[in-house]
Amino acid sequence: MHIPFVDLKAQYLSIKTEIDEAIAQVLEDTSFVGGTLVKQFEEAFASYIGTKHCIACANGTDSIEILLQAMGIGAGDEIVVPAVSWISTSEAVSTVGATPVFVDIEPEFYTIDPIKIEAKLTSKTKAIIPVHLYGQPANMPAIMEIAQKHDLKVLEDCAQAHGASIEGKNVGIWGDCASFSFYPGKNLGAYGDAGAMVTNAPALAEKARRIANHGQLLKHDHQIEGRNSRLDTLQATILSTKLKYLNKWTAARIHNAHRYSELLDNSSVIVPKIRTNAQHVFHLYVIRSTQRDQLNDYLKSKGIATGIHYPTALPFLPCYQSQNNTVDHFPVAAQYQNEILSLPMYAELAEEQVTFITNTIHKLY
Ligand SMILES: *Cc1c(COP(=O)(O)O)cnc(C)c1O
């Protein structure tokens, strides 16, 4: 048996006719950038998340950068980010000229630990970027309380959490604004790079839209300088087609996650916990083991693909060496980077595949 980490082919085949027709229509129209299909996707996605505005852009990293710029964040500012995320979260902060300030993660849920945020705030702190890591919502009620108390902006990094919610409110509508990625392997994935920004604030939406399109809203109306970060029409139509299936695919991911957790109950690995009152959308199913490397090698030898998200926590990456971050400052992130292991996770993962994977794990121990 070979079980891939994600199976984009299985998903494509399940909606092939619809996707092929949508793509053929774009080729027929030869309108490749902008136009009604992009606008339609923006409206559909805004309505899916429950925000007034959605601005599509080229990728998820750009969506963080552009929102930071649109909020006026730049040189001299400090932005609070979690110690565990994909590098885009902190990289985007540096790209706009600000400094990422790392905060350790909650031991139970792996998202930024609100209890540890206040100690990191200075007069330069302008914003917090919570990341809904692996599809689990960060503790937004606590984060919003801290942000309000200290007059900080909140930009939610929702790249791994399309459709996740906490206390009945979708991620992406808690903060001032939110960024999404539609990288192919994400819960809603394009067939190339794609991203989007959402917000309820009209002025912020307008500024972000200008920045993403050379400072213009209308052709040649360059009120400011911006950049080129547009979503192309092919990706927009693919995303609109796939958005209709997102709830169904999310339900299948959640079902698979529950199966994993049931079957791994009474094993020596630690399974993910779901926050109370939250919908975790399981972009990744991440277990922990003190014998992670041995387990990983064993699963690979049995044909099971795995991943590590992420092998080095952000504060310890060579690119942040100048911060002199030490293990003592980020004990949870430091410990977990050696224990975490992501198992195959996608909607099409079959019952017998989950059983094979969990049986294999039981066999090792
Ligand atoms: C994927 C990802 C991004 C960036 O998205 P791209 O579209 O690859 O630029 C940002 N943040 C997190 C947490 C991600 O997982």
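Indexing begins at 1, ligand by ligand and atom by atom, following the structure's order. Just so we're clear, the structure is a prediction, and the values are computed from it rather than from any experiment. Below, all heavy atoms of this structure are taken into account, side chains as well, without hydrogens, waters or symmetry copies.
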Exercise. Are side-chain N/O atoms of Glu156 and His132 paired as donor and acceptor at under 3.5 Å?
Worked result: yes

Exercise. Any donor and acceptor pair, going by atom type alone, linking the side chain of Ser229 with main-chain N or O of Asp62 inside 3.5 Å?
Worked result: no

Exercise. With the threshold set at 4.0 Å, does a side-chain nitrogen-carboxylate oxygen contact exist between Lys149 and Glu145?
Worked result: no

For this session: Using a strict cut-off of less than 4.0 Å between a Lys/Arg side-chain nitrogen and an Asp/Glu carboxylate oxygen, indicate whether Lys39 and Glu42 qualify as a salt bridge.
Result: no

Anything under 3.5 Å between an N or O on ligand 1 and a protein N or O? List each pair with its distance, or write none.
| from | atom 1 | to | atom 2 | distance (Å) |
| --- | --- | --- | --- | --- |
| ligand 1 | 5 (O) | Ser181 | OG | 3.2 |
| ligand 1 | 7 (O) | Gly60 | N | 2.8 |
| ligand 1 | 7 (O) | Ser181 | OG | 2.7 |
| ligand 1 | 9 (O) | Gly60 | N | 3.3 |
| ligand 1 | 9 (O) | Thr61 | N | 2.8 |
| ligand 1 | 9 (O) | Thr61 | OG1 | 2.5 |
| ligand 1 | 11 (N) | Asp157 | OD1 | 3.3 |
| ligand 1 | 11 (N) | Asp157 | OD2 | 2.8 |
| ligand 1 | 15 (O) | Gln160 | NE2 | 2.8 |
| ligand 1 | 15 (O) | Lys186 | NZ | 3.1 |

Exercise. Taking only residues two or more places apart in sequence or in another chain, which ones pass ring-ring contact (aromatic ring centres under 6.0 Å, His included) with Tyr320?
Worked result: Phe102

Exercise. Taking the six-membered ring for Trp, are the ring centroids of Phe41 and Phe182 within less than 6.0 Å of each other?
Worked result: yes

